[in-house]
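Residue numbering restarts at 1 for every chain, and letters A, B, ... go by the order of the sequence lines. Values reported hereafter were calculated over all heavy atoms of this structure, with side chains retained and with hydrogens, waters and symmetry mates removed.
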Protein chains: 2
Amino acid sequence: MATSLKELAASLGLSQTTVSRALNGYPEVGEKTRRRVLEAAERANYRASTAARRLATGRANALGLVFSTERNILERPIVMDFLTGVSETAAREGLDIVLTPTRAGEEADACMRLATSGLVDALVLTSPILDEVRTSGIADLAFPIVAHGRPLHGQSVPYLSIDNFGGFKRGAQHLIELGHRRIGLVNGEARQAYAQDRTEGLGAALDEAGIARAQNLIRYGPLTFTLGYQSTLSILDEPQPPTALLASSVLVALGAMKALAERGLRVPQDMSIVAHDDEVAAFPPSMATPQLTTLNSSIRAAGARIAEMALERIASGGAPVASEVWPVPLTIRGSTAEALD
Amino acid sequence: MATSLKELAASLGLSQTTVSRALNGYPEVGEKTRRRVLEAAERANYRASTAARRLATGRANALGLVFSTERNILERPIVMDFLTGVSETAAREGLDIVLTPTRAGEEADACMRLATSGLVDALVLTSPILDEVRTSGIADLAFPIVAHGRPLHGQSVPYLSIDNFGGFKRGAQHLIELGHRRIGLVNGEARQAYAQDRTEGLGAALDEAGIARAQNLIRYGPLTFTLGYQSTLSILDEPQPPTALLASSVLVALGAMKALAERGLRVPQDMSIVAHDDEVAAFPPSMATPQLTTLNSSIRAAGARIAEMALERIASGGAPVASEVWPVPLTIRGSTAEALD
DNA sequence: CTGAAAGCGCTTACAG
DNA sequence: CTGAAAGCGCTTACAG
């Protein structure tokens, strides 16, 4: 066992009270006393038991994340970048992160457990998990929660989301300005809020340009290389194939480019591509040839900010914080060009 | 605040002792009593405070991982797959995972804190972090640690590693059998044990075939797309460029293929490629055209097994468990062919 | 500036 | 089969 406060205090001939105060930086401790305590603690390699501290203070100094072992296993690079962002804030604030791995369908239980067990001070959830959990009564707990992404069912949970609608509308407008009138979209899973918003963004841009929406040029699925590849092949088989493609991730765009290459179509001469770029370190748009025109948002920055929002909720005693919707700028590179026909 | 044991016991007219025993499945509780308790707990949404339980039992029911915010940010897909594996075991055993984000150089501190604070029952470390930490005296703590990868400095920590030497020797032999005599290698960072083992594996295969080792055909760096791209360009500029390439990851191989395409070299006709495949979900070898011949090992399975090893150490009261070295099979696909010259 | 004592919410010998 | 009580290792009013 590691040394305890009691032992440390005894070895110094001081009370636990004084030693505790010295260690925690309370002002009412004498300077020499503090120094003595700090040195002894250092020497004895003393570390306060977090369990005891939690029990005594009621504060856990940790953020909880619920992480599904099965769900979205193919989107892990994104999860990891998000986690990195959360970690940055956590490291700065000296917080731990408690990951609760769960099987699909058990998310609600895991959230309830984290919220009621005192393990963590706040919960950071992705909106799909929040949607999963909404009937569990976790909202009644008045436990601080912050979500990543717009919750589908309008829960009153503060969230941070990028402007998926505005971003994809902007991306589509860029293509329309280049003369494209048939625009395909390889999107995320249809039930996800972000995917719906992206479809609507494309639709709005088409509406404003007086172009009919073409549902048959849209595909949905998990954001993988394979989705990009297969969806593109299938879109190319439509009676009126598009001359431009919107891809919901760089990985999807890479899959699309493989399909285009197989069909002998060149980018951007025969097909323009705009990809959403989450700025995931593993998939820089420079991986593609030509480099991709992208809609940008840093998933990592979002994670860092969400952790801050959680801290604000904790600090304010659980008062709601304002949700944020981040703009999604367009970066034009080499994968978009004027339409030929 | 959530309901406490005390309140729950009072509402049932039972003692805390009995309620606690009923909840924890102790045998000496009457059947009807147990049922009553379980129902009441369910209704009150009771969850034992983990902090209190930890303090009382001394067991944390959690695994600690130290995770560097800055280091290897480009290898996140791998970290995430490893984490997924750890999570699988953790979910099955009902453990939490405590991630301690740290800045580079602060790993030792983070490990000591985790080990001495009672937050976790065991530590799962990657060998680079273990190497970082070896002077901190953490080994003296008799705290259960299990490492991923062979520790460089021969610490007596149980570890799980794949057979990097044997795998790359096998990969090189495959190329030699196809008639290749000049084999390039784009490897991980030179100071890492796995990278050294891979270089030695290639060297051993060359030695056995009576071919001189060519240091100038080897490059080291972080396992990124960019490394594969730039290293390959630079290897091609050597006076005697290779006819085959060993790549330390699929991502690196993708970068290499971009470089080859730019130089007008075809795979496998002009250049054979064998890539190490960590079976990271984000980078299936099918992403490449042609599909890559690979050396396979599942980083996810390794994570799951390492968590089990940690549990075995905990269960045995900290006794060391046997280290494991996993074989690395070769899967031949379309990126290797006979040498022309 | 320092200390004695209560309390955080559990578990678990010990006694019955 | 059930309960009263001690103890896990801290923090923090309260008193001096």
Side-chain angles (χ1 to χ4, degrees), chain A residues 1-38 40-41 44-62 94 96 113-121, chain B residues 1-38 40-41 44-62 94 96 113-121:
Chain A
M1 269 290 102
T3 40
S4 69
L5 224 211
K6 195 174 182 178
E7 289 164 17
L8 189 62
S11 81
L12 283 162
L14 287 167
S15 72
Q16 292 189 41
T17 312
T18 301
V19 175
S20 170
R21 281 200 275 241
L23 256 19
N24 291 306
Y26 281 55
E28 62 273 58
V29 180
E31 202 38 56
K32 336 87 198 309
T33 311
R34 158 161 292 127
R35 227 183 330 257
R36 271 185 64 214
V37 171
L38 257 26
N45 222 310
Y46 172 77
R47 244 102 195 181
S49 149
T50 45
R53 194 201 296 267
R54 279 173 194 193
L55 194 53
T57 63
R59 171 105 201 246
N61 264 301
D96 289 307
R113 193 174 67 78
L114 275 183
T116 56
S117 70
L119 244 187
V120 301
D121 301 309
Chain B
M1 269 292 100
T3 40
S4 67
L5 224 211
K6 195 174 182 180
E7 291 165 15
L8 189 63
S11 81
L12 283 162
L14 288 167
S15 72
Q16 292 189 42
T17 311
T18 301
V19 176
S20 171
R21 282 199 275 241
L23 257 20
N24 291 307
Y26 281 55
E28 63 274 58
V29 180
E31 201 37 56
K32 334 94 197 305
T33 311
R34 159 161 292 128
R35 225 181 334 254
R36 271 185 66 213
V37 171
L38 256 26
N45 221 310
Y46 171 77
R47 244 101 195 182
S49 150
T50 46
R53 192 200 297 266
R54 279 172 194 193
L55 194 53
T57 62
R59 172 106 200 249
N61 264 302
D96 289 306
R113 191 173 68 78
L114 275 182
T116 56
S117 70
L119 244 185
V120 300
D121 300 310

Is a donor-acceptor contact shorter than 3.5 angstrom present between the side chain of A:Thr17 and the base of D:dT12? yes

What is the distance, to the nearest angstrom, from the CD atom on B:Glu28 to the P atom on C:dG16? 18 Å

Considering only the P atoms, how many Å lie between D:dC14 and D:dC10, rounded to the nearest integer? 24 Å

Looking at D:dT11, I'd like to know if its phosphate oxygens (OP1 or OP2) sit under 4.0 Å from a side-chain N or O belonging to A:Thr57. no

Here the distance between atom P of C:dC8 and atom CD of B:Glu7, to the nearest Å, is 11 Å

Base partner of C:dA13, which must satisfy Watson-Crick or wobble distances under 3.5 Å: none

What are the two closest non-hydrogen atoms of A:Ala62 and A:Leu119, and how far apart are they? CB-O, 3.8 Å

Taking any heavy-atom pair under 4.0 Å as a contact, classify B:Arg21: base, sugar-phosphate, or nothing. base

In whole angstroms, how far is the P atom of C:dG7 from the CG atom of A:Leu5? 19 Å

Would you please confirm or rule out a distance under 4.0 Å between OP1 or OP2 of D:dT12 and any side-chain N or O of A:Ser20? no

Nearest whole Å is fine: how far is C:dT2 C1' from A:Arg36 CZ? 12 Å

Indicate whether the side chain of A:Ser15 and that of A:Thr18 have a donor and an acceptor atom separated by less than 3.5 Å. yes

Find the distance A:Leu119:CG to C:dC8:C1' and express it as a whole number of Å. 16 Å

Between B:Gly118 and B:Ala60, the two heavy atoms sitting closest are O-CB, 3.5 Å

Rounded to the Å, how far apart are B:Lys6 NZ and D:dA6 P? 15 Å

Once you apply a heavy-atom cut-off of 4.0 Å, does B:Thr50 come out as touching a base, just sugar-phosphate, or nothing? nothing

Between A:Leu55 (CG) and D:dT12 (P), how many Å, whole number? 12 Å

Taking only the side-chain nitrogens and oxygens of B:Ser15, find out if one of them lies under 4.0 Å from OP1 or OP2 of D:dA4. no

Counting distance only, does the side-chain N/O of A:Ser117 pair as donor-acceptor with the main-chain N or O of B:Ser49 below 3.5 Å? no

Just N and O in the side chain of B:Tyr26: are any of them under 4.0 Å from OP1 or OP2 of C:dT12? yes

Between C:dC8 (C1') and B:Gln16 (CD): distance, integer Å: 12 Å

Would you say B:Thr18 reaches D:dG3's phosphate, i.e. side-chain N/O to OP1/OP2 under 4.0 Å? yes

Quick one: does any side-chain atom of B:Asp121 pair with a main-chain N or O of B:Arg59 as donor and acceptor, under 3.5 Å? no

Whole-angstrom distance between C:dA5 and C:dC1, as gauged at atom P: 24 Å

Is the shortest side-chain N/O distance from A:Tyr46 to OP1 or OP2 of D:dG9 below 4.0 Å? no

